[in-house]
Amino acid sequence: ARAVDAFWSYFGGNLGQITIYNRALTTLELTDNYNNTKTRFQQITTSTTTTSTTTLAPTTTTTSTTTTTTTLGVVSNGLIVSLDASNPSSYSGSGTTWTDLTGNGYNATAQGSVPFTSAGQQSFFSFSGSSSNYFLGNSNLYGFNSNQISGTVGITVSMIIRPSNISTRSTLWSTYASDKGSVFEIGTLGGLWTNTLRQYLSDNGPIRSSDNRGFPNQISNGTTYLMTYTWNFTTKTSTLYLNGSAISAVENGFNAAGITSAWANGAAYRLAGSQTGSYGNMYTAYVYNRPLTAGEVLQNYNALQTRFG
């Protein structure tokens, strides 16, 4: 960047985000913006205690402690969509647009009634059926044409969710249409999976599919979770994570190794809603154009857990 004044010098460094308002923010709003974004761009350091002991002759012992632990922010490498209901830059508190904080322009638009609750660092959108969702766009946004999600790499979808009806099937993310695409959902479906997470992906209906279902009774109503799934196109494997840990799951798909495409295929991208409905609160949503490692999923959980307990 270069200043317009000839006497000023060039800027040397990295720019992570620029936000411009048409009004002067209050001190509280500036503080909220800082608190809502700091985990994305800095290392958060906290002090804990370790012991070092010095003994002076003949019997005096002095003990002092100092240890530093560093927690990294949310992983930014490969992050193509970042939606945060608590960040005024992402949602102002009114309107139908949930703004993507990455700068890629993948804003989500409310379809139907999606109530918003302002609760500081724990603000959220509520879903209670199939009549409402947040629409992220058609396949051209995320498919092969845009090169945002590569057909040879994979994807990660991660959301902070507080479920309210796990006795039924609840969609978190869907690109599925005409036997092609991907679905990330939770809850229960007719004894096939019960009170857990499920990820389904196919490029030809059940003929070539990955259907990864968590073991029963891994989630509860009224508890807030970071829910994540990754799809590794190279190895043709998916992994489900609850908070920072991979959960026990069983693969029920057929010929997952034969899947040749994963994300385009003309499907629309939606958060919640879809034909199955969604039930609960959604606080954040992140999409990566690659599968995060287990360590990176844990890093995201550690960066976000102080907001949601």
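Being a predicted model, the structure only gives us computed values, none of them experimental. Counting from 1, the numbers follow the sequence of the chain as shown.
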Is there a side-chain contact between [X] and [Y] (heavy atoms, below 4.5 Å)?
X	Y	answer
Leu271	Phe127	no
Ile155	Trp173	yes
Glu251	Ser238	yes
Ser210	Gln199	yes
Ser220	Tyr225	yes
Asn252	Val250	yes
Arg270	Gln111	yes
Leu101	Tyr286	no

Side-chain donor/acceptor of [X] to backbone N/O of [Y], under 3.5 Å:
X	Y	answer
Asn300	Val74	no
Asn133	Ala272	no
Gln218	Ser248	yes
Tyr301	Met227	no
Ser90	Ala85	no
Ser170	Tyr279	yes
Asp84	Thr284	no
Ser92	Pro88	no
Arg307	Gln121	yes

Which value, rounded to the nearest 0.5 Å, describes the distance between [X] atom [atom1] and [Y] atom [atom2]?
X	Y	atom1	atom2	answer
Asn302	Leu226	CG	CG	10.0 Å
Thr224	Asn281	OG1	CG	7.5 Å
Ser158	Tyr241	OG	OH	10.5 Å
Tyr283	Thr117	OH	OG1	8.5 Å
Ile207	Ile259	CD1	CD1	12.0 Å
Ile219	Ile166	CD1	CD1	5.0 Å

Practice problem: Please check if the distance between the ring centroids of Trp98 and Tyr134 is under 6.0 Å. | Solution: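 Close enough - the centres of the two rings lie under 6.0 Å apart.
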
Quiz item: Can you check whether Tyr91 and Phe125 have ring centres sitting under 6.0 Å from each other?
Solution: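 Yes.
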
Practice problem: With side-chain contact (heavy atoms from CB on, under 4.5 Å) as the test, would you mind laying out the steps for Thr228 and Thr156 before giving the verdict? | Solution: CA-CA 7 Å; Thr228 305; Thr156 297; 3.7 Å; yes

Quiz item: Could you go step by step and tell me if Asp211 and Ser209 meet the side chain to side chain donor-acceptor pair (under 3.5 Å) rule?
Solution: CA-CA 6 Å; Asp211 189 348; Ser209 64; over 6 Å; no

Quiz item: For Thr188, which of Asn195, Asn217, Thr196 qualifies under side-chain hydrogen bond (donor to acceptor under 3.5 Å, both in side chains)?
Solution: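 Testing Thr188 for a side-chain hydrogen bond (donor to acceptor under 3.5 Å, both in side chains) against Asn195, Asn217, Thr196 leaves exactly one candidate, Asn195.
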
Quiz item: Is any side-chain N of the basic residue among Arg290 and Glu296 closer than 4.0 Å to the acidic one's carboxylate O?
Solution: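 Looking at Glu296 together with Arg290, the answer is yes, because their closest N to O distance falls below 4.0 Å.
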
Practice problem: Determine the interplanar angle of the Phe233 and Trp231 rings, folded into 0 to 90°, and report it as parallel if under 30°, tilted if 30 to 60°, perpendicular if over 60°. | Solution: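 Rings of Phe233 and Trp231: perpendicular, as their planes differ by over 60°.
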
Quiz prompt | Hydrophobic cluster membership, Leu242 vs Leu172, 4.5 Å side-chain cutoff | solution =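 They do share one cluster, since a chain of ILVMFWY contacts under 4.5 Å joins Leu242 to Leu172.
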
Quiz item: Is there a path of hydrophobic side-chain contacts, each under 4.5 Å between heavy atoms of I, L, V, M, F, W or Y residues, that connects Phe254 with Trp193?
Solution: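 No: no chain of side-chain contacts under 4.5 Å links Phe254 to Trp193.
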
Practice problem: Compute whether any side-chain donor of one residue and acceptor of the other, for Asn107 and Thr97, lie under 3.5 angstrom apart. | Solution: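 No, Thr97 and Asn107 have no side-chain donor paired with an acceptor closer than 3.5 Å.
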
Quiz item: Looking just at side-chain N and O atoms, do Asn232 and Thr237 make a donor-acceptor pair shorter than 3.5 Å?
Solution: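 Absent: no donor and acceptor within the cut-off.
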
Self-check item: Smallest separation among heavy atoms of Leu240 and Gly214, with atom names
Solution: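 Closest heavy-atom pair between Leu240 and Gly214: CD1-N, 3.9 Å.
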
Quiz item: Around atom CZ of Phe116, are there more than 12 heavy atoms of other residues, nucleotides or ligands at under 6.0 Å?
Solution: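 Yes, CZ of Phe116 has more than 12 neighbouring heavy atoms, counting only those of other groups under 6.0 Å.
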
